[in-house]
Amino acid sequence: MSRFWKPGTEKPRLVEDEEGGVLFFSASLTSSSGYGYATLEKQRQRLPVYKYRTAILYLVETHATTIIVGETGSGKTTQIPQYLKEAGWAEGGRMIACTQPRRLAVQTVASRVSEEMGVRLGDEVGYTIRFEDITNTELTRIKFLTDGVLLREMMDDPLLSKYSVIMVDEAHERSLSTDILLGLLKKIQRRRPELRLVISSATIEAKSMASFFNARRQGRDDEEQGPRKEPAILSVEGRGFNVQIFYAEEPVSDYIRAAVSTVVSIHDEEPTGDILVFLTGQDDIDAAIQLLTEDSDGRKKGLIVLPLYSGLPRADQDLVFSPTPRGKRKVVISTNIAETSLTLEVTDIENLVVAPISKASARQRAGRAGRVRPGKCYRLYTEEYFMNEMSADGIPEMQRSNLVSTVIQLKALGIDNILGFDWPASPSPEALIRALEVLYSLGVIDDDAKLTSPAGFQVAEIPLDPMVSKMILASNDYGCSEEVITIAAVLSVQSIWFSARGVQKELDEAKLRFAAAEGDHVTFLNVHKGFIQSGKSSNWCHKNHVNYHAMVSGHLKHLQKKVDEIRQQLRRIAQRLGIALKSCEGDMQVVRKAVTAGFFANACRLEVSIVSTCREIFDFSPFKTKLAFSHNGLYKTIRSSQEVYIHPSSVLFRVNPKWVIFHSIVSTDRQYMRNVISIDPSWLTEVAPQFYQQQQINPRPL
DNA sequence: GAGCACTGC
């Protein structure tokens, strides 16, 4: 296994980065009895945040914005909303909102709080995430929700007038929607001086957060009645315990094997306690689990190995929270999802970090191990790497994202001057201009950069990327809205294919059964059709390597809601927008035109193709087509002549039609187009004459 | 021949 500095041999160096010593938590609240014996009320009083109850309420009373700095584990997320309610902030029909970046966190925190308050979830305490509104207009006083949902609520209620206090939790994560929300909340404060904001943030971000909310407003700033404008900052200590950090002595070559062997040696050498392993993705998780379980005899007995990633059905995710049986050791093998949402209350957690994450993220992960008792953190990289190679913080999503959705959301909320918008982390003007250009070319904003009517407002209403929304609008003109909505639903889930290690060949074969010469979008329609014809059978999915959990609607409450439910939601929205639900009865040309109408900016032309073989395919296709199989067709985007290739997961891989449109790009060693459809270049000038001048797309002889 | 995670009326 990898070699770590071990306790007892040579004192491990617990140096952190320049912030220093972050991992030495105060252990002043050592409750050896732990959870389980005390009443819920006693437990609440034992949380570190309890000491600050009066101070928090005072600051919220007297300041428009209060920034709470605290390590996770202080209890701030569950307690502060309750304190606020106890202090009367939810009286007179008002509500307290608490946002989270992730759905899982919303659900778990809401259910914990309702339990503590002794009320039924959905009554006084409720939550809202996409597809799940567990609130009651009459009763709900504390509402947990994702920040994305709160942004959507602003479309109907721009001042968020039903909330008296809005707590934005995990603001240091700087997720895209958190940052948009913070920018908008700052604006709302000017119109609603009585609104209170509580921003919870980790140490490093607190100052910049404060100066963001402190920035002088223009115009009237004379002292009026009401709360002080400059933000208050309160630091709440964590409940954490010592976490010892061990670094690999040498870089590991295979981090999955290194992680597995570290788990095994922890199991052999360490006393009771669960293990949490961070890996990069589902593939690695499956591989690690296979390695851990394949020879589970002998010493590995007693290990309960559980995967955790977002694609997992909720019931499987819940297994992670169940108590570990006596004499067993739980090993949770997880993606980032566990970095912030998860507190395992069972016993202490060991933690392995494997990817070049930021130092802040590494610290966050290590903190997972010290929640209920002292823990250990094994980092599968060297200390030198940590000190010298890893960046201090991740880049805010705002500064590395496509801003098309962001811009249209702001437009829909009446923010006209996008370039002058006061962001917590300003995106580059170039990125904003790029987004404005795309929206202009889609015809959803006009020459004055105002939303067009009705297209602009319709696109803003649909909770999808504007290019997908435009595709749906166009499907109305082409009489194929049913098909295009299905495509949109499939494109918005991670993958409809069931992939696991060792079954790649079977998956490829299954794909061929549905593969359409036109490309991936049409292939999706074939899969969906087969799924519906099977009566939405899980057995059918299994046989065809289709991921049942990606397709099925949530008739079992805890299943993730996917293609079916998104499709139903989009059909409802379409009807509301006046789009006729209509099938084109197999005419795939109109479907491809509708796709083109949304994604014309992603058009590419084949530059080089080495044809090797020809073969007749495909039984699902209405017409038999000859497809040329070749290797690594080099494409160039029409817009910017960027070199791109068809991703090997596409049905058009090695088929290489002359003209294609892609849905998205993944950048690895090359730029790969994922989800590709073939088009006729004349459609480009047809659907986007302003974007493509005729001479640009004249096909060159190949 | 293959990069990840998260989110949304």
Side-chain angles (χ1 to χ4, degrees), chain A residues 99-106 128-133 145-157 170 173-181 278-285 308-312 334-341 354-358 361 365 394 397 400-402 405-406 408-409 412 457-466 468-469 488-489 492-495 497 499 501 504-505 507-508 511 560-561 565-566 568-577 629-633 645-650 652-654 664-674:
Chain A
T99 73
Q100 298 289 323
R102 274 172 298 281
R103 296 157 46 120
L104 182 63
V106 169
T128 308
I129 57 181
R130 193 184 188 186
F131 302 128
E132 247 187 295
D133 183 9
L145 67 177
T146 50
D147 32 31
V149 168
L150 192 60
L151 279 177
R152 282 282 160 186
E153 285 191 3
M154 290 182 73
M155 291 216 178
D156 293 326
D157 180 10
E170 313 283 5
E173 282 192 33
R174 313 309 303 270
S175 82
L176 192 55
S177 38
T178 306
D179 272 4
I180 303 169
L181 188 62
F278 285 103
L279 294 181
T280 53
Q282 193 180 334
D283 279 0
D284 285 358
I285 290 172
L308 182 67
Y309 48 85
S310 76
L312 215 57
S334 172
T335 59
N336 267 338
I337 191 175
E339 205 168 286
T340 47
S341 324
V354 290
I357 46 174
S358 69
S361 186
R365 290 179 173 188
E397 207 180 353
R400 55 180 167 86
S401 298
N402 177 325
S405 291
T406 304
I408 197 162
Q409 247 176 327
F457 287 94
Q458 289 174 318
V459 164
E461 188 94 350
I462 303 173
L464 296 171
D465 182 283
V468 183
S469 306
S492 51
V493 304
Q494 241 176 346
S495 172
W497 301 110
S499 61
R501 256 163 205 257
Q504 190 55 52
K505 201 162 155 261
L507 173 57
D508 285 349
K511 269 189 193 176
Q560 298 246 333
K561 293 152 193 181
E565 186 132 17
I566 294 172
Q568 297 309 337
Q569 182 194 23
L570 294 177
R571 291 174 89 237
R572 282 196 301 276
I573 293 171
Q575 280 182 300
R576 205 176 60 216
L577 296 177
F629 279 72
S630 62
H631 294 282
N632 293 338
Y645 299 84
I646 294 180
H647 194 279
S649 66
S650 169
L652 295 184
F653 178 64
R654 286 209 265 258
S664 61
I665 291 276
V666 287
S667 304
T668 52
D669 54 328
R670 286 174 174 178
Q671 312 287 111
Y672 285 104
M673 303 184 266
R674 209 152 48 178

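Each chain gets a letter, A, B and so on, in the order the sequences are listed, and its residues count up from 1.
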Is the phosphate of B:dG8, meaning OP1 or OP2, less than 4.0 Å from a side-chain N or O of A:Arg103?
yes
Verify the contact: side-chain N or O of A:Thr146 to OP1 or OP2 of B:dG8, cut-off strictly under 4.0 Å; return yes or no.
yes
Starting from [atom2] on [N], measure out to [atom1] on [X] and report it in whole angstrom.
X        : N     : atom1 : atom2 : answer
A:Tyr672 : B:dG3 : OH    : C1'   : 11 Å
A:His647 : B:dG3 : NE2   : P     : 5 Å
A:Met154 : B:dC9 : CE    : C1'   : 15 Å
A:Met673 : B:dA2 : CE    : C1'   : 15 Å
A:Leu507 : B:dG1 : CG    : C1'   : 13 Å
A:Ile566 : B:dG8 : CD1   : P     : 10 Å
A:Glu565 : B:dT7 : CD    : P     : 15 Å
A:Leu145 : B:dT7 : CG    : C1'   : 12 Å

Note: for A:Pro648 and A:Pro101 on DNA chain B, the residue whose nearest nucleotide lies more 5' is A:Pro648
Given [options], the nucleotide with the shortest approach to the side chain of [X]:
X        : options             : answer
A:Arg572 : B:dC9, B:dG8, B:dG1 : B:dC9
A:Ile573 : B:dC9, B:dG3, B:dG8 : B:dC9
A:Arg130 : B:dA2, B:dG1, B:dG8 : B:dG8

For A:Arg572, what residues pass the salt bridge (charged side-chain N to carboxylate O under 4.0 Å, His left out) criterion, not counting sequence neighbours?
none
Please enumerate all residues that pass salt bridge (charged side-chain N to carboxylate O under 4.0 Å, His left out) together with A:Arg571, with sequence neighbours excluded.
A:Glu482
Indicate, with a heavy-atom threshold strictly under 4.0 Å, whether [X] touches base, sugar-phosphate, or nothing.
X        : result
A:Ser649 : nothing
A:Asp508 : base
A:Glu153 : nothing

Candidate list A:Thr178, A:Thr406, A:Leu181, test side chain to side chain contact (heavy atoms under 4.5 Å, CB included), partner A:Leu151, passing option:
A:Leu181
Parallel, tilted or perpendicular: rings of A:Tyr645 and A:Tyr672 (30°, 60°):
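Answer is tilted, since the angle falls between 30° and 60°.
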Less than 4.0 Å between a side-chain N and a carboxylate O, is that true for A:Arg103 and A:Glu132?
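Salt bridge flag = no for A:Arg103 with A:Glu132.
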